[in-house]
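Below: the structure, in structure tokens.
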Amino acid sequence: QVQLVESGGGLVQAGGSLRLSCAASGRTFSSLVMGWFRQAPGKEREFVAAIGWSGSYTYYADSVKGRFTISRDNAKNTVYLQMNSLNAEDTAVYYCATGPRITAVADTYDYWGQGTQVTVSS
């Protein structure tokens, strides 16, 4: 079992920045692949970014590439999502998840957090 708790969401103006955090417990964090997904109202959950266990490999959705950065601190059992140049299309509930490999497919991830709301005002 893995428990994931996201934090850092909120309301921000377009062009602003936020940093999301996801704290993990229950399993050796340094061995976990971590991912971020988001879901806007009326839309399907979509992949945002993922990071390998060492942090050396990252993978981004085209829609966030160059604006978002995923990172991890294995000593703190935490994964981060730094979001810059936010726009209204980034408004969604953001979820972190863990799975066996880096992939953009949500079904391959085993454990999910409860989500944190990000709202970007235009």
Side-chain angles (χ1 to χ4, degrees):
Q1 288 283 348
V2 178
Q3 292 77 44
L4 302 172
V5 179
E6 302 96 335
S7 61
L11 175 65
V12 63
Q13 289 187 334
S17 299
L18 279 176
R19 188 177 81 156
L20 305 182
S21 300
C22 173
S25 60
R27 190 179 289 180
T28 304
F29 178 77
S30 59
S31 68
L32 300 175
V33 168
M34 301 298 299
W36 284 97
F37 288 76
R38 66 187 181 185
Q39 188 166 19
K43 295 187 177 181
E44 293 186 355
R45 190 167 298 190
E46 68 169 343
F47 171 75
V48 175
I51 188 167
W53 63 270
S54 70
S56 60
Y57 184 80
T58 57
Y59 177 44
Y60 296 93
D62 288 343
S63 60
V64 306
K65 200 173 295 183
R67 299 188 300 123
F68 291 11
T69 302
I70 188 171
S71 63
R72 65 191 296 161
D73 185 339
N74 288 342
K76 296 182 178 180
N77 290 353
T78 302
V79 64
Y80 304 97
L81 186 68
Q82 176 67 43
M83 306 185 295
N84 299 328
S85 301
L86 287 161
N87 56 61
E89 288 69 40
D90 296 315
T91 294
V93 177
Y94 283 71
Y95 300 89
C96 70
T98 181
R101 61 187 183 276
I102 293 180
T103 171
V105 179
D107 288 346
T108 63
Y109 289 78
D110 303 314
Y111 298 96
W112 294 80
Q114 83 289 348
T116 185
Q117 176 71 47
V118 172
T119 303
V120 184
S121 63
S122 57

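One-based numbering along the sequence shown.
By the salt bridge (charged side-chain N to carboxylate O under 4.0 Å, His left out) test, E46 is found to be paired with R38, residues two or more places apart in sequence or in another chain being considered. Looking at residues two or more places apart in sequence or on another chain, you find a salt bridge (charged side-chain N to carboxylate O under 4.0 Å, His left out) between K65 and D62.
Connection of W112 to W36 is not established within any shared hydrophobic cluster, with ILVMFWY side chains joined at heavy-atom distances below 4.5 Å, either directly or through further cluster members. Hydrophobic clustering of Ile, Leu, Val, Met, Phe, Trp and Tyr side chains at less than 4.5 Å, counting indirect connections, keeps F47 apart from M34. Both Y60 and V79 belong to a common hydrophobic cluster when Ile, Leu, Val, Met, Phe, Trp and Tyr are linked at side-chain heavy-atom distances under 4.5 angstrom. Linking ILVMFWY side-chain heavy atoms closer than 4.5 Å, directly or via other members, places Y57 and Y109 in a single hydrophobic cluster. Cluster membership for Y111 and I70, using ILVMFWY side-chain heavy atoms within less than 4.5 angstrom, is shared.
Under the 3.5 Å distance criterion, the side-chain polar atoms of T78 are matched with a main-chain donor or acceptor of K76. In terms of modelled atom types and a separation under 3.5 Å, the side chain of R72 and the main chain of V33 share no donor-acceptor contact. In this structure, E6 contributes its side chain and Q114 its backbone to a donor-acceptor pair below 3.5 Å.
Side-chain atoms of Y80 and T69, non-hydrogen and from C-beta on, never get closer than 4.5 Å to each other. Between W53 and I102 the shortest side-chain heavy-atom distance does not fall below 4.5 Å. Side-chain contact between L4 and Y95: absent, with no pair of heavy atoms (C-beta onward) separated by less than 4.5 Å. For the pair V12 and M83, the minimum side-chain heavy-atom distance is 4.5 Å or more. A 4.5 Å side-chain heavy-atom check between Q117 and T91 finds at least one atom pair inside the cut-off.
Across all their heavy atoms, S122 and A14 have their closest contact at CA-CB, 4.2 Å. Pairing each heavy atom of T108 with each of P100, the nearest pair is O-CD, 3.2 Å. Pairing each heavy atom of N84 with each of S17, the nearest pair is OD1-OG, 2.9 Å. Heavy atoms only, all atoms of each residue included: G115 and V93 are closest at CA-CG1, 3.8 Å. What you find for L18 and V118 is that their closest heavy atoms are CD1-CG1, 3.9 Å. Closest of all the heavy-atom pairs between A40 and A92 is N-CB, 3.8 Å.
Under the disulfide bond (SG atoms under 2.5 Å apart) criterion, the residue pairs touching residues 59-122 are C22-C96, with sequence neighbours excluded.
The cationic atom of R45 (NZ for Lys, CZ for Arg) does not lie both less than 6.0 Å from the six-membered ring centre of F37 and within 45° of the ring axis.
To the nearest 0.5 Å, atoms CG (L20) and CZ (F68) are separated by 8.0 Å. With values rounded to the nearest 0.5 angstrom, S54 atom OG is found 8.0 Å from N74 atom CG.
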